[in-house]
Amino acid sequence: MWQDFTLILTFLTRLAQVHHENIIGLRCTYVTPSKVFIVTELASGGELLERVVENGNFSESDARSVIYQVLKGMDYLHSKNIVHRDLKLENVLLSDGSSSAVVKIADFGLARFFADDSQLRTICGSPLYVAPEILDIGANMETYTPAGDMWSIGVMLYILLSGNSPFENEDEQSLFQMIRLGEYSMDDHLWDHVSDEAKDCVQRLLTVNTSVRMTITQALEHPWVLGLTKSKDATLPDTLSSLKRTRLAGHLESFRMVQDELRFALRNSNNP
């Protein structure tokens, strides 16, 4: 237990040295015999997903802006040998309430420093966003790489463009099998109103083979990410825009339910 506690403190000390506009800033930590309290910079704009649902209109260009900033933040983290391991829309905050708010990647509870690939062995992450190679640890894989973060960014982009998750199944084992095989579809009508370049970006991120999956450097050079291609923002009918918003609202509601369940479980564990 104390060894884990020491590792957490060491990680937080090093994380305090991370400074990037797209990474939530760690201001200080307070340590008690049993708990660690973390103080971060204020992201008064709240959660990205909540803003998207409230505004009701989230275009392909908006998705590009978010993903570009997420990639910039992760490029910095990987250059510092930090892997996030729990990238998801719910962990993306906004600096303020303005339309020009800056994206802030948050929640480093599963993040780790890595000196080489062999240090990444823990099966972790959120089910809808987890990379296939992480699911295979202990079976077909012994270690995984920071490429897992790129897969998660691909899931985020898919959701921002369509409102749906690429991998959905109420049965967790069936869900994980879909992820392992990279089985997802773009047959939905909403995808008819997404540019080919945006689809290509999703496909190159949601690639099971990590040696083929886009790296951060490659993603930051992708024409769609750089805004060098034309989006289909103007072609999305109101009915489909409303459908997309409804889907994103459902995604947010599901996250809220999970949060409430975790809080309930935590209260019960502290008060047997």
Side-chain angles (χ1 to χ4, degrees), residues 47-49 52-53 58 60 63 66-67 70-71 74 83-92 105 107 110 120 122-141 144-194 198-216 219 222 224 240 243-259 261-262:
E47 298 170 8
L48 166 71
L49 194 54
V52 170
V53 173
F58 194 79
E60 184 179 318
V66 168
I67 292 302
V70 169
L71 286 168
M74 289 310 303
V83 59
H84 191 284
R85 302 200 298 184
D86 196 23
L87 280 175
K88 54 187 177 182
L89 288 176
E90 296 83 355
N91 286 342
V92 176
I105 299 171
D107 196 343
L110 295 178
L120 301 176
T122 303
I123 299 176
C124 60
S126 298
L128 293 180
Y129 294 84
V130 68
E133 63 269 22
I134 295 177
L135 295 175
D136 281 339
I137 290 296
N140 302 320
M141 300 282 292
Y144 55 90
T145 74
D149 283 340
M150 300 305 293
W151 176 277
S152 299
I153 293 173
V155 175
M156 292 167 63
L157 177 55
Y158 185 105
I159 294 172
L160 289 176
L161 291 171
S162 69
N164 277 340
S165 170
F167 309 102
E168 290 189 276
N169 197 301
E170 291 184 1
D171 178 70
E172 192 173 79
Q173 292 307 311
S174 297
L175 170 67
F176 289 161
Q177 185 63 11
M178 291 173 65
I179 293 172
R180 287 188 179 96
L181 297 175
E183 291 183 347
Y184 66 92
S185 171
M186 291 185 177
D187 293 336
D188 187 272
H189 288 311
L190 261 164
W191 287 101
D192 294 336
H193 300 274
V194 174
K199 294 176 185 176
D200 178 72
C201 192
V202 171
Q203 291 164 345
R204 293 181 63 188
L205 288 168
L206 294 182
T207 299
V208 174
N209 188 338
T210 57
S211 65
V212 179
R213 187 182 306 159
M214 272 203 301
T215 64
I216 284 190
H222 192 282
W224 182 81
L240 289 182
L243 173 62
K244 183 177 176 181
R245 182 189 181 191
T246 300
R247 290 174 174 177
L248 288 168
H251 195 82
L252 179 61
E253 183 179 355
S254 296
F255 174 61
R256 292 279 185 266
M257 289 176 62
V258 171
Q259 281 186 315
E261 289 172 1
L262 288 174

Quick one: are Asp200 and Trp224 in side-chain contact, heavy atoms under 4.5 Å? no

With heavy-atom distances below 4.5 Å as the criterion, would you say the side chains of Pro166 and Ile159 are in contact? yes

Do Leu206 and Val155 have side chains that get closer than 4.5 Å, going by heavy atoms? yes

Let's go through Phe167 and Trp151 carefully: what are the C-alpha distance in whole Å and the side-chain angles of both, what is the deciding distance for ring-ring contact (aromatic ring centres under 6.0 Å, His included) to 0.1 Å, and is it a yes or a no? CA-CA 12 Å; Phe167 309 102; Trp151 176 277; 5.6 Å; yes

Nearest non-hydrogen partners of Met74 and Ile153, listed with the distance: CG-CD1, 4.2 Å

Going through the distances and angles, do Val92 and Leu49 end up as a side-chain contact (heavy atoms from CB on, under 4.5 Å)? CA-CA 8 Å; Val92 176; Leu49 194 54; over 6 Å; no

Please report the shortest heavy-atom distance between Leu87 and His84, naming the atom on each side. N-ND1, 3.3 Å

Separation between CD of Glu90 and CG of Asp107, rounded to the nearest 0.5 Å: 10.5 Å

Interatomic distance, Phe58 atom CZ to Leu48 atom CG [nearest 0.5 angstrom]: 5.5 Å

What distance separates Leu240 CG from Ser162 OG, expressed to the nearest 0.5 Å? 11.5 Å

Going by side chain to side chain contact (heavy atoms under 4.5 Å, CB included), Leu157 matches just one of Val202, Leu71, Val66. Which one? Val202

Student check: side-chain heavy atoms of Lys244 and His193 closer than 4.5 Å: no

How about Asp149 and Val83: do any of their side-chain heavy atoms sit closer than 4.5 Å? yes

Exercise: identify the closest heavy-atom pair between Leu205 and Met214: CG-CE, 3.8 Å

Side-chain donor-acceptor pair present, Ser211, Asn209, cut-off under 3.5 Å: yes

So how far is it from Cys201 SG to Tyr158 OH, rounded to the nearest 0.5 Å? 14.5 Å

Would the distance check show the side chain of Arg213 and the main-chain N or O of Ala147 forming a donor-acceptor pair, the cut-off being under 3.5 Å? yes

dist Glu60:CD -> Ile67:CD1 (nearest 0.5 Å) comes out at 12.0 Å

Nearest heavy atoms of Gly148 and Ala131, plus distance in Å: CA-CB, 3.8 Å

Can you give me the closest heavy-atom contact between Leu175 and Glu168, atom names plus distance? CD1-N, 3.9 Å

Closest non-hydrogen atoms of Pro127 and Val130, given as atom of the first, atom of the second and distance, are O-CG1, 3.4 Å

Are any of the side-chain heavy atoms of Tyr129 and Met156 separated by less than 4.5 Å? yes

Do the non-hydrogen side-chain atoms of Leu161 and Lys199 ever get within less than 4.5 Å of each other? no

Output the distance between atom CE (Met150) and atom CD1 (Ile216), rounded to the nearest 0.5 Å. 5.0 Å

Are the side chains of Asp188 and Arg247 in touch, meaning some heavy atoms are under 4.5 Å apart? yes

Could you check whether any side-chain N or O of Asn91 sits under 3.5 Å from a backbone N or O of Asp86, counting only pairs where one atom can act as donor and the other as acceptor? yes

